[in-house]
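Working notes, structure below.
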2 protein chains.
Amino acid sequence: MSATVMLHTGEHGAGPAVVRPGHASRESQPVLRFAPDESIYAQGDTAGSMYRLVSGVVRCCKFQPDGRRHINAFCKPGDVFGFELAGEHLLSAEAVTACAVVRMRCQGMEKDPAAAIQLYGHAMRSLARAQAHSQLLGRSSAGQRLAAFLLEMLPGTSEDVETLPMARHDIADYLGLTIETISRTMGQLEKEGLLELVTARRIRIRDRQGLAALCGCEEPLDV
Amino acid sequence: MSATVMLHTGEHGAGPAVVRPGHASRESQPVLRFAPDESIYAQGDTAGSMYRLVSGVVRCCKFQPDGRRHINAFCKPGDVFGFELAGEHLLSAEAVTACAVVRMRCQGMEKDPAAAIQLYGHAMRSLARAQAHSQLLGRSSAGQRLAAFLLEMLPGTSEDVETLPMARHDIADYLGLTIETISRTMGQLEKEGLLELVTARRIRIRDRQGLAALCGCEEPLDV
DNA sequence: CGGATTGTTGATTACTTTCAACAATGGTGG
DNA sequence: CCACCATTGTTGAAAGTAATCAACAATCCG
C-alpha cells in the first residue's frame, strides 16, 4: 500500500498542497527580471525566499576562497532554487541568459504541512541532481562528462540545431574541466560524427544514442 | 508542473507516521544489525523506510552499468539515510563496519507536519553534503581531496591516533581516485609532516590546520 | 603460523592542464 | 549596412598529474 500526494507547483495549481501566490501564509509576488550575468542572490546572503524560474537559465554556483568557481547546477524553467536549511545561502544564483523569476517568501513554513511536503519534494529533486552530478565528476573522462552534459542540456528529440545557453567557461566550471578541454573534446565528438557544431553555441546532435553509450551510465534525470 | 511524492507504507504499515522511537506520534522500531559489507538496501529496491544509523559506518553508493562504483556519502552515527522521493532507492547502502540501524517506515507523512519538516531537514542536510562533495570532486588535486576527506572522517581534536573505518578502495571510490593514488598521496602527506601513518588505517593527524590550508576551501560541513 | 586480503611502490602510459598565440563571433557605433 | 573591436572560442606544444599494469610487502583473521 502506498499513498500518493500530488504537489502542484505551477502558478495555476489548485488544491491543498499548493505554494502559490495568494496562499494564506504567502503573498503574490511579482516576476523579477535579470539580465545575463546578473546576480539573483549571492552566497552569504540572508536566505528567506525560494525562487521559481519562469524563463531563461540560471547557474547555482559556489565561489571558493581561492577564487575558483564551481557550478553545482543549471536551472531551467520550472525549476525551484534558493531554499536553504540555514539562514544564509550557501551558493550564489546568477542569470546565465536573460531570465524571469518569481520569488516566494518562505515564512511560517513550519506551520504549513503542505508547504513542508512541497519543500521536501524540491529538496529531494535537488539532492538527486547533486548526487548524479557528483557521480559524473567522480567518474572522470572529459568525453563522458561532456556527452552527459549535452544530453542534459539539449533535450531536443530530433536532429534540429539547438542553442547552448552558456559559455564554455560555464560548462568548464560545471564539469570540472578547462575551457580548452571543453573545446577540444567538443571538436572530437564532432569528428566522431556524434554532433555538428554549426557555431560554438549552436549544436546539432547527430547521434543521441551514441552520446548515451559514450557516457555509459544512467540517462539524465528528468527531475 | 506537478510532482508526485510516493509515501510508502511498510507491509506492516499501521498507525500514524512512524519516524523514530520515542516520539509521541511514532512507534519504537527494532535495531537492525549488519556485518561489514552487508547490504542494507540495494539500488532499485522498493523504498519505504528511512534509516537512522546508531553505530558504525555506512556507505551510500551507486553501481554504474559499466561496473564502476561511486560512493556518494559515508554515514556516521546519527545520520539518516534511505529516504527517497520516488518509489525506489537510487543508491545502495552497505555496512562499512559492523553497524546498528533503526528502520523507520514512512507512512502517512502527509498527515504529520512534524515528520514532513523533519524529512525536509534530512533532505537539506544530504543536499548540502552532496553539493559540497561535488565541489570537492570538481575542484581536483588528489592531495586536496584526501586532505578534505581526512578532516571529514577523523573529527578528533587533538593529536591522538584515529582509525579509518574504511578500506582504500572505499576512499578511492568516494574521492574519484584510484587506490594507488590514495596510497601515494597518503604517503606524501606523511612526508610533509601533516600526519603519521601508524598502520594503513591508524592515523595520527599532526597538523589539522595544514590539511585545511591544503584543501584551501570550506571546513567540512557539520551537518 | 599460514594464507588470503589489503596496501604499497615502481615504471610507464594516457589524459588533462597550462601557457601562448591565433581565429571567430557578435555587438556597437559610424 | 559595414567595419571595428572586445569577447569568446580554438588550436598547438609542453608539462604535470593521475591511471594503469605489475610486483611486492604488510596486515588481519582463522
Side-chain angles (χ1 to χ4, degrees), chain A residues 35-37 59 66-70 96-98 136-147 149-150 161 163-192 195-203 214-216, chain B residues 35-37 59 64 66-70 96-98 136-150 161 163-192 195-203 214-216:
Chain A
D37 293 323
R59 58 176 175 254
D66 62 7
R68 278 173 304 194
R69 182 185 68 161
H70 177 81
V96 172
T97 64
L136 185 70
L137 296 184
R139 174 156 46 89
S140 68
S141 156
Q144 295 181 320
R145 295 186 201 189
L146 193 53
F149 171 77
L150 291 171
V161 176
T163 300
L164 269 185
M166 72 287 292
R168 295 289 188 266
H169 189 71
D170 288 327
I171 303 175
D173 286 350
Y174 181 62
L175 297 180
L177 300 168
T178 60
I179 55 174
E180 294 96 330
T181 298
I182 300 294
S183 197
R184 278 186 253 269
T185 307
M186 204 80 92
Q188 190 175 336
L189 293 179
E190 183 173 33
K191 223 180 317 183
E192 292 168 7
L195 54 81
E196 177 189 345
L197 291 165
V198 180
T199 72
R201 304 256 192 128
R202 311 221 73 212
I203 297 178
L214 204 168
C215 66
Chain B
D37 293 322
R59 58 176 175 255
Q64 307 286 171
D66 62 7
R68 278 174 305 193
R69 182 185 68 162
H70 177 81
V96 172
T97 64
L136 185 70
L137 296 184
R139 176 157 44 89
S140 67
S141 158
Q144 296 181 318
R145 295 185 202 190
L146 194 53
F149 171 77
L150 291 171
V161 176
T163 301
L164 269 185
M166 72 288 292
R168 294 290 188 266
H169 189 71
D170 287 328
I171 303 174
D173 287 350
Y174 182 61
L175 297 181
L177 300 169
T178 60
I179 55 176
E180 294 96 330
T181 298
I182 300 295
S183 196
R184 278 186 252 269
T185 307
M186 203 80 93
Q188 190 175 336
L189 293 180
E190 182 173 34
K191 223 180 317 184
E192 290 167 8
L195 54 80
E196 177 189 345
L197 290 166
V198 181
T199 70
R201 304 261 191 124
R202 312 221 72 212
I203 297 178
L214 203 169
C215 65

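From a predicted model like this one, the values you see are computed outputs, not experimental measurements. Proteins come first, then strands; the chains are lettered A, B, ... in the order of their sequence lines, and each starts at number 1.
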Practice prompt. Keeping the roles fixed (side chain from T163(A), backbone from P165(A)), state whether a donor-acceptor pair exists under 3.5 Å.
Written response: no
Rounded to whole Å, the CG-P distance (L197(A) to dT10(D)) equals 7 Å
Note to self: Quick check against the 3.5 Å criterion: does R59(A) have a side-chain atom that pairs as donor or acceptor with the backbone of M166(A)?
What the structure shows: no
Just the table, please: protein N/O against nucleotides 23-26 of chain C N/O, every pair under 3.5 Å.
none

M186(B) atom CE is separated from dT6(C) atom C1', nearest whole Å, by 13 Å
Between CE of M166(A) and P of dT8(D) the distance, given in whole Å, is 15 Å
Kindly give the atom pairs (protein nitrogen or oxygen, nucleotide nitrogen or oxygen) under 3.5 Å for nucleotides 13-20 of chain D.
unit_1, atom_1, unit_2, atom_2, d
dA18(D), OP1, A142(B), N, 2.5
dA19(D), OP2, T178(B), N, 3.3
dA19(D), OP2, T178(B), OG1, 3.0
dA19(D), OP2, T181(B), OG1, 2.4
dT20(D), O4, R184(B), NH2, 2.7

E190(B) CD to dT9(C) P, in whole Å, measures 9 Å
Those residues at least two apart in sequence (or on a different chain) that pass side chain to side chain donor-acceptor pair (under 3.5 Å) with T97(B) are none
Rounded to whole Å, CD1 of I179(B) lies from P of dT5(C) at a distance of 14 Å
Exercise for review: Taking the side chain as every heavy atom from C-beta outward, state whether T181(B) and L175(B) have any pair of such atoms under 4.5 Å apart.
Suggested key: no
D37(A) CG to dT8(D) C1', in whole Å, measures 12 Å
- Message: Is it the case that the side chain of R139(A) and the backbone of Q64(B) share a donor-acceptor pair, with hydrogens and angles ignored and the cut-off at 3.5 Å?
- Response: no
Residue-phosphate contact under 4.0 Å: R201(B) side-chain N/O, dT27(D) OP1/OP2
no
Name the pairs: protein N/O against N/O of nucleotides 12-14 of chain C, kept only if under 3.5 Å.
none

Sequence neighbours excluded, the answer for side-chain contact (heavy atoms from CB on, under 4.5 Å) partners of S140(B) is R68(A), R145(B)
Quick note, salt bridge (charged side-chain N to carboxylate O under 4.0 Å, His left out) partners involving residues 171-182 of chain A, not counting sequence neighbours, are R69(A)-D173(A)
R168(B) CZ to dA26(D) P, in whole Å, measures 15 Å
Test item: L164(B) and I171(B) side chains (from C-beta on) under 4.5 Å apart, heavy atoms: yes
The reported gap from CD in Q188(B) to CG in L146(B) (rounded to nearest 0.5 angstrom) is 10.0 Å
Any heavy-atom pair between the side chains of I182(A) and Y174(A) that's under 4.5 Å? no
Taken to the nearest whole Å, CD1/I203(A) to C1'/dT10(D) is 14 Å
Shortest non-hydrogen pair, E192(A) vs L214(A), comes out as OE1-CD1, 4.4 Å
